[in-house]
Engineer: 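Handing you this structure, nothing more for now.
Throughout, a chain's letter reflects where its sequence line sits, starting with A, and its residues are numbered from 1. Everything quoted here is computed from the prediction, not taken from an experiment.
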Amino acid sequence: MRYWLLKSEPDVFSFDHLKKRARKTEPWNGVRNYQARNYMRDDMNVGDLGLFYHSSCAEPGVAGVVKITREAYPDPTQFDPKSEYFDKGSKQEEPRWVMVDVTWEAALPNFVTLQQLRDDPALADLITLRRGNRLSITPVDEKDFKRICKLGGLKI
DNA sequence: GCCAACGTTGGC
DNA sequence: GCCAACGTTGGC
């Protein structure tokens with residue numbers, strides 16, 4: 001059982017959007033970074049929990065918790081010429097990009113801002129806080145995951 | 001909109 | 001395999 005942090009731009013797809021989806025589930029498509037892909041493909045398992053992080057917005061931070069509910073499978077948007085995620089170099093027989101399904105698990109009663117994360121000495125190791133980090137999917141230590149849930153007022 | 005940081009591409 | 005140029009991310 002592992003823990004993750006998943007970034008999403010709330011203007012495009014927010015934690016609240018996820019809650020309103022059928023069965024509160026959504027395929028995490030559009031990941032086009034090899035390291036992030038490898039995390040999904042090699043290390044994510046059904047039942048893992050993730051922090052849903054809002055990036056590139058007025059108030060960056062963690063909105064809630066999701067559960068991984070389907071293991072990695074090919075991302076169909078890579079084969080769709082009309083999709084912004086289209087990759088002409090990817091072959092049907094050998095898909096380059098994968099996605100997992102995530103399901104809404106719980107909201108943090110109190111949104112935890114990026115500033116709060118930075119201000120907490122206990123979270124010094126959090127990858128997302130590192131200078132210049134741009135990875136949209138990163139592993140999170142169990143202690144950090146629980147710490148952030150606690151900051152958000154969520155009993156997990 | 002700016003800009004630092006990083007990933008990817010492609011010529012050599 | 002090197003590395004400059006370019007594109008993207010994401011906080012501010």
Side-chain angles (χ1 to χ4, degrees), chain A residues 2-21 26-44 48-66 68 72-102 104-141 143-154:
Chain A
R2 293 169 184 255
Y3 299 90
W4 305 93
L5 183 144
L6 307 177
K7 291 183 190 174
S8 185
E9 299 184 21
D11 298 341
V12 179
F13 189 74
S14 71
F15 189 60
D16 218 42
H17 287 133
L18 179 62
K19 189 176 186 180
K20 290 170 182 163
R21 281 293 195 262
E26 184 77 356
W28 203 254
N29 61 24
V31 173
R32 294 295 180 268
N33 169 285
Y34 287 104
Q35 204 176 341
R37 177 204 67 181
N38 293 347
Y39 279 136
M40 286 195 288
R41 187 189 62 190
D42 304 333
D43 299 319
M44 265 190 194
D48 286 0
L49 295 178
L51 300 165
F52 196 112
Y53 179 88
H54 287 172
S55 66
S56 290
C57 56
E59 195 179 32
V62 178
V65 174
V66 298
I68 306 304
Y73 61 110
D75 178 348
T77 63
Q78 69 195 300
F79 303 121
D80 179 2
K82 293 192 296 294
S83 170
E84 60 177 311
Y85 302 125
F86 179 62
D87 179 357
K88 64 175 164 50
S90 183
K91 292 175 282 188
Q92 287 278 357
E93 323 82 70
E94 205 181 334
R96 183 177 288 170
W97 305 110
V98 299
M99 60 189 186
V100 296
D101 284 357
V102 304
W104 192 95
E105 178 77 9
L108 297 187
N110 307 305
F111 185 88
V112 178
T113 66
L114 174 59
Q115 194 57 54
Q116 283 177 272
L117 299 176
R118 290 201 189 284
D119 289 345
D120 188 343
L123 298 174
D125 293 336
L126 200 66
I127 293 172
T128 307
L129 301 183
R130 286 186 199 156
R131 228 167 103 82
N133 173 72
R134 294 175 2 185
L135 260 188
S136 63
I137 298 177
T138 51
V140 175
D141 288 344
K143 67 172 176 52
D144 290 347
F145 183 90
K146 290 185 171 168
R147 176 73 184 171
I148 293 167
C149 288
K150 192 175 177 186
L151 287 175
L154 178 69

Engineer: Of the options C:dG10, B:dT8, C:dG11, whose atoms approach the side-chain atoms of A:Y34 most closely?
Structural biologist: B:dT8

Engineer: Once you round it to whole Å, what is the distance between P of C:dG7 and CD of A:E84?
Structural biologist: 17 Å

Engineer: Taking CG from A:L135 and C1' from C:dG10, how many angstroms apart are they, rounded to a whole number?
Structural biologist: 13 Å

Engineer: For A:Y85 and C:dT8, give me the distance from atom OH to atom C1', rounded to whole Å.
Structural biologist: 13 Å

Engineer: Under the side chain to side chain donor-acceptor pair (under 3.5 Å) test, which residues partner A:R37, sequence neighbours left out?
Structural biologist: none

Engineer: Please confirm whether the backbone N or O of A:P95 pairs with a side-chain atom of A:S90, one donor and one acceptor, at under 3.5 Å?
Structural biologist: no

Engineer: What's the closest nucleotide to the A:R134 side chain, out of B:dT8, C:dG11, B:dC6?
Structural biologist: B:dC6

Engineer: Looking at residues 53-65 of chain A, who's got a heavy atom less than 4.0 Å off DNA chain C?
Structural biologist: A:Y53, A:S55, A:S56, A:P60

Engineer: With A:R147, which residues qualify under salt bridge (charged side-chain N to carboxylate O under 4.0 Å, His left out), at least two apart?
Structural biologist: A:D120

Engineer: What is the distance from OH of A:Y39 to P of B:dG7, rounded to the nearest Å?
Structural biologist: 11 Å

Engineer: Rounded to the Å, how far apart are A:R96 CZ and B:dT8 C1'?
Structural biologist: 11 Å

Engineer: Run the salt bridge (charged side-chain N to carboxylate O under 4.0 Å, His left out) test against A:R21 and tell me which residues pass, sequence neighbours left out.
Structural biologist: A:E26

Engineer: CZ of A:R130 versus P of C:dG10: gap in Å, rounded?
Structural biologist: 16 Å

Engineer: In this structure, how many angstroms lie between the P atom of C:dG11 and the CG atom of A:D119, rounded?
Structural biologist: 15 Å

Engineer: Can a side chain N or O of A:K7 be found less than 4.0 Å away from OP1 or OP2 on C:dT9?
Structural biologist: no

Engineer: When rounded to the nearest 0.5 angstrom, what is the spacing between CG in A:D144 and CG in A:L126?
Structural biologist: 5.5 Å

Engineer: With sequence neighbours left out, write down each residue that passes salt bridge (charged side-chain N to carboxylate O under 4.0 Å, His left out) with A:D75, or none if nothing qualifies.
Structural biologist: A:R32

Engineer: Could you list the residues that satisfy side chain to side chain donor-acceptor pair (under 3.5 Å) with A:W97, not counting sequence neighbours?
Structural biologist: A:D87

Engineer: Find the distance A:D87:CG to B:dG7:P and express it as a whole number of Å.
Structural biologist: 18 Å

